[in-house]
Every structure is written in C-alpha cells, then in structure tokens.
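Comments concern the structure below.
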Amino acid sequence: MTALPLSTQVAIVGAGPSGLLLGQLLHRAGVDAVIIERQSANYVLARIRAGVLEQVTMDLLDEAGVGSRMHQEGLLHGGFDLLFRQQRHRIDLHGLTGGQQVMVYGQTEVTRDLMQARSQAGLPTVYDAQEVQIHDFDQQRPRVSWRIGGRQHQLQCDFIAGCDGFHGVCRASVPPQSITEYEKVYPFGWLGLLADTRPVHHELIYVNSPRGFALCSQRSSTRSRYYLQVPLSDKVEQWSDQAFWDELRLRLDPQAREQLHTGPSLEKSIAPLRSFVAEPMRWGRLMLAGDAAHIVPPTGAKGLNLAASDVKYLSQALIEYYREGSQAGIDHYSDLCLRRIWRAERFSWWFTSLMHRFPENGEIGQKLQEAELDYLVHSESALRSVAENYVGLPLDFGLKKPGP
Ligand code: RFL
Ligand code: PHB
C-alpha cells in the first residue's frame with residue numbers, strides 16, 4: 001500500500017461514486033487528494049443502487065479516463081415504457097430530444113472502474129476508517145482525523161470535500177444555524193430484487209398499477225433489476241423471492257407477465273424514498289457533493305447523475321484555484337449546483353407523484369393522477385418535457401441566467 005501523506009491539497013471523505021470521481025478528475029489535473037472511507041472496498045461494491053446514466057455523466061466518466069468498459073458493456077437506451085391501465089406507452093427519448101439517449105450501466109460497475117483506476121495510479125485511499133471527524137474547516141488549514149484499530153490518524157489539507165452520502169459526518173459537522181434543510185419523506189419504500197434472468201423487455205418499464213408502482217430495469221442482457229412499491233412497515237425478510245415474483249406479475253400487463261423470467265435473487269433490499277436538499281453546499285473550506293447534500297426519490301434516476309454534475313463543478317473550481325489562484329469557482333460552487341439540483345428535485349418529485357399509489361390522497365387524488373397520465377401520453381409537449389428531464393439538463397444549465 002502507498003504510504004499515507006500527513007498533508008494533502010484536498011481531503012475527500014467517502015469513496016462512493018462522488019468521492020472516487022472527484023479523486024480521479026483532480027488526479028488527472030495534477031491536484032493531490034486522499035480519500036477516507038468508513039467501509040471496506042468490498043462493502044462499497046456490494047451496494048446495489050443506480051442503473052441509468054445521463055449523457056453528461058457518460059462524458060464525465062470519459063473525461064476521467066474510466067469510460068471504456070461502460071462503452072463496451074453498457075446498454076444505450078433511446079426510450080422507455082410507461083404502463084398504466086394495462087397499456088404500455090413508449091416514451092421516445094431519442095426522437096423527442098433530438099437524438100439523446102441514456103446508458104444502462106450499474107453504479108457498482110462505475111464504482112469498480114473508478115476504484116481500479118485509482119489503485120492502478122497508486123493513489124492514497126483509506127478504507128475501514130472509524131470515527132472519522134472533520135476539523136477547522138472555517139480556517140485556512142482544515143484537518144480530517146480517524147481511527148483504525150487502536151491507532152489515531154490525522155491529515156491536514158487545504159479543502160475538505162464532503163462526499164460521504166446522506167448519513168455522513170460532513171454535513172452533520174456544520175453548525176445547524178448555518179444550514180437550511182428541505183425535506184419530504186414519502187410514505188412508502190422500494191423493494192429491489194437483482195437476478196441473473198433475461199430482462200422482461202429490452203427497455204425499462206415504469207408501471208403505475210392499482211397494486212402500486214413497479215419498475216422493470218436491467219444491468220445487462222442477462223441480469224435484471226426489478227422494484228416494487230411497498231409500505232414502509234414491510235421488512236425484506238417478509239418477502240420471499242416467490243412472493244416478489246408473484247406480486248410483480250400482478251402489476252404487469254399480460255404480455256410482460258408472459259415474458260417475465262424469474263429466478264433466485266442475488267440481492268434484495270428495501271430503500272426509503274425522500275426528497276432532500278441542504279443549502280448552502282459550502283461553508284468555508286468544506287464543500288459537499290452528491291447525496292451528502294441532496295437526495296431525490298429514485299423514480300427519475302437522477303441521484304448518481306446529480307452527484308456527477310456536482311463533482312464536475314467542484315473539480316473545476318478546485319483546479320481553477322490551484323492553476324490560477326482564483327477563488328471565484330469555489331465562491332460560486334453552491335449556487336451553480338443548486339439550480340440544477342432543484343430542477344432534478346422537481347422532476348423526481350413529479351414523476352414519483354405520477355407513478356405511485358397514494359391512498360391518503362383519496363379518490364380525487366387517484367382520478368387526477370389518471371387524468372395527468374392520460375394527458376401526458378396524448379400531448380407531444382408533455383412527452384417532450386418528460387423526455388428532456390429524463391435525459392438530463394446540459395452541464396452549463398446552472399451558468400445560464402434565469403430568464404426575465
Ligand atoms: P454514496 O454512494 O452514499 O457514497 C458515500 C460514501 O461515503 C461513505 N461514508 C463515510 N466515509 C467516511 N466517513 C464517514 N463518516 C462516512 N459516512 C459515509 C459511505 O460508506 C459511502 O461509501 O454517495 P455518493 O457518492 O454521493 O453517490 C450518490 C449515489 O450513490 C446515489 O445518488 C444513487 O445511488 C441514487 N440512485 C440512482 N441514481 C441515479 O442517478 N440513477 C438511478 O438509476 C438510481 N437508482 C438510486 C437508485 C438509489 C437507490 N437507493 C438505494 C437509495 C436506486 C436506488 C434503489
Ligand atoms: C435501476 O436500474 O436501479 C434504476 C433504473 C431507473 C430508475 C431507478 C433505478 O429510475
């Protein structure tokens with residue numbers, strides 16, 4: 001293992017996709033960084049999460065020099081299906097957006113590619129760090145400390161990048177009076193199942209059924225990922241594989257039901273759904289990126305993509321600081337990110353509201369949802385709006401001034 005320096009330019013807390021991608025972009029620009037992660041590398045790789053990458057994220061992975069396996073093994077999708085009232089309607093992303101597509105390539109694989117590039121370059125990463133704490137980020141020389149076994153460690157730096165996810169230590173270390181948090185917790189979760197079975201369809205199917213939402217996704221032509229809306233009180237142990245497949249079948253249309261291939265699960269877990277934003281995303285020399293600063297419900301497939309765009313803006317700001325001695329990018333970082341984040345928050349909230357069952361909204365809520373779905377699939381403008389949000393906003397969106 002590479003010897004750990006006592007000081008670095010950027011200390012990155014968290015080795016999820018945000019932290020690893022930031023480390024890689026900084027390395028390619030000659031900026032030094034150390035990553036400190038509380039879990040083991042294998043634990044991080046075992047988490048099954050996102051599956052859909054926007055063009056902006058693909059471009060960023062290319063820029064970081066880690067895109068080649070994604071291009072070989074990932075699946076480009078030019079559309080997806082919406083299923084309601086037993087009928088499927090294709091959203092032609094490619095046609096509606098002037099040729100844009102999304103890439104189906106799992107977060108696990110993105111993380112694996114980034115970890116491999118980092119270890120090949122011999123860059124310092126600390127795994128299994130306990131009691132990680134950040135200090136003095138309102139002063140010139142912040143520090144990060146942690147313990148491994150019985151030994152205490154400390155790293156001095158110019159900046160701390162808080163890439164430690166929703167439950168991390170970085171956002172929690174900011175004085176509460178300096179931060180505003182906006183939050184909505186949804187009254188249900190997603191039960192996910194991964195299996196080595198042929199996907200039911202060559203594109204994704206988002207399902208609004210009387211029994212609740214379902215999603216048919218995939219990781220490859222032989223590996224499927226499915227989700228079911230379940231009450232928050234459900235425990236994963238209550239759901240046998242058979243019970244999952246039976247319930248999924250009940251939420252599909254007759255054709256999909258017939259084509260569904262079932263098999264033993266490789267992984268099964270329940271994720272709660274929330275919308276969350278912390279403002280601002282920078283205090284002194286601490287900058288937050290990714291899930292540390294914001295969460296979207298996964299319906300719009302935006303979480304990992306937002307993390308990637310934060311990291312793009314943050315790496316640019318830090319590189320500008322070291323190359324040109326300019327603080328401007330650091331000063332604008334939070335505002336630049338937040339405009340794009342709120343747009344993605346709105347879309348993810350809207351798509352979640354459209355596709356899930358909300359019994360607490362009563363019969364009128366149900367009727368209004370049905371009317372909105374009906375309008376959507378019969379209006380080219382409405383379809384175009386969904387498509388342009390799903391494929392993602394351009395990176396310079398935050399730079400453009402809001403209109404009059
Ligand atoms: P992560 O991935 O949570 O990584 C944070 C890392 O920080 C570590 N950590 C600490 N390290 C040191 N000290 C501490 N005190 C620490 N506390 C935590 C953690 O161990 C971890 O390794 O955040 P990051 O890097 O910002 O990445 C964000 C993405 O993981 C997330 O937004 C996406 O997975 C969201 N998401 C999706 N996003 C998409 O763009 N497209 C999708 O299709 C998509 N599908 C999903 C999703 C998330 C889901 N779940 C489980 C919430 C589907 C699901 C079901
Ligand atoms: C996934 O494959 O995990 C996935 C795909 C699309 C979403 C959410 C999750 O909207």
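Counting starts at 1 for both ligands and their atoms, in listed order.
Checked options V311, L306, D164, D310; the residue passing with S18 is V311 (criterion: side chain to side chain contact (heavy atoms under 4.5 Å, CB included)).
Of the possible polar contacts, none joining the E131 side chain to the S145 backbone as a donor-acceptor pair under 3.5 Å is found. Here the side chain of R285 pairs no donor or acceptor atom with the backbone of F137 at under 3.5 angstrom.
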- Message: For a salt bridge (Lys or Arg N to Asp or Glu O under 4.0 Å) check, start with the C-alpha distance between E54 and K302, then their side-chain angles and the critical distance, and finish with the verdict.
- Response: CA-CA 8 Å; E54 298 173 359; K302 290 280 163 259; 2.7 Å; yes
- Query: Is there a ring-ring contact (aromatic ring centres under 6.0 Å, His included) between Y321 and F159 once you walk through the steps?
  - Reply: CA-CA 11 Å; Y321 176 87; F159 295 98; 4.9 Å; yes
- Message: For H89 and F84: C-alpha separation, side-chain torsions, deciding distance, then whether ring-ring contact (aromatic ring centres under 6.0 Å, His included) applies.
- Response: CA-CA 8 Å; H89 305 262; F84 63 96; 4.8 Å; yes
- Tell me, with the steps shown, if Y186 and S275 meet side-chain hydrogen bond (donor to acceptor under 3.5 Å, both in side chains). CA-CA 8 Å; Y186 297 83; S275 299; 2.7 Å; yes
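Considering backbone and side-chain atoms alike, Y227 places an N or O below 3.5 Å from some N or O of ligand 2. At least one N or O atom of T299, backbone or side chain, sits closer than 3.5 Å to an N or O atom of ligand 2. At a 3.5 angstrom cut-off on N or O pairs, R225 does not count as close to ligand 2. In terms of N/O distances under 3.5 Å, ligand 2 is approached by S217.
Taking 4.0 Å as the cut-off, F80 does not count as a neighbour of ligand 2 on heavy-atom distance. Under a 4.0 angstrom heavy-atom cut-off, Q107 registers as lying outside contact with ligand 2.
For ligand 2, the atoms lying closer than 4.0 Å to a non-hydrogen atom of V52 are 5 (C), 6 (C). Using a 4.0 Å cut-off to heavy atoms of Y206, the atoms of ligand 2 that qualify are 6 (C), 7 (C), 10 (O).
At a 4.0 Å heavy-atom cut-off, ligand 2 touches L204 through the side chain alone. Counting heavy atoms under 4.0 Å from ligand 2, residue R49 touches it through the backbone alone. At a heavy-atom distance under 4.0 Å, atoms from both the backbone and the side chain of A301 approach ligand 2. Proximity of F351 to ligand 2, defined as any heavy-atom pair under 4.0 Å, is not found for any part of the residue. Looking at V104 against ligand 2, nothing comes within 4.0 Å, counting heavy atoms.
Listed here is the closest heavy atom pair of A382 and Y375: CB-CE2, 3.7 Å.
Taken from CG in L53 to CG in N305, the straight-line distance is 6.0 Å, to the nearest 0.5 Å. Taken to the nearest 0.5 Å, the CZ atom of R171 stands 11.0 Å off from the CE atom of M281.
No hydrogens or angles considered: nothing links the side chains of N208 and R85 as a donor-acceptor pair under 3.5 Å. Q218 and R198 share no side-chain donor-acceptor pair at under 3.5 Å.
The distance between the ring centers of F351 and Y206 falls below 6.0 angstrom.
Near ligand 1, heavy-atom contacts under 4.0 Å come from V13, G14, G16, P17, S18, I36, E37, R38, Q39, V44, R47, R49, A50, G51, V52, Q107, V132, C163, D164, G165, G168, V169, Y227, A271, G290, D291, P298, A301, K302, G303, L304, N305.
Closest heavy-atom approach to atom 8 (C) of ligand 2 within the set G300, C216, A50, P298: this belongs to P298.
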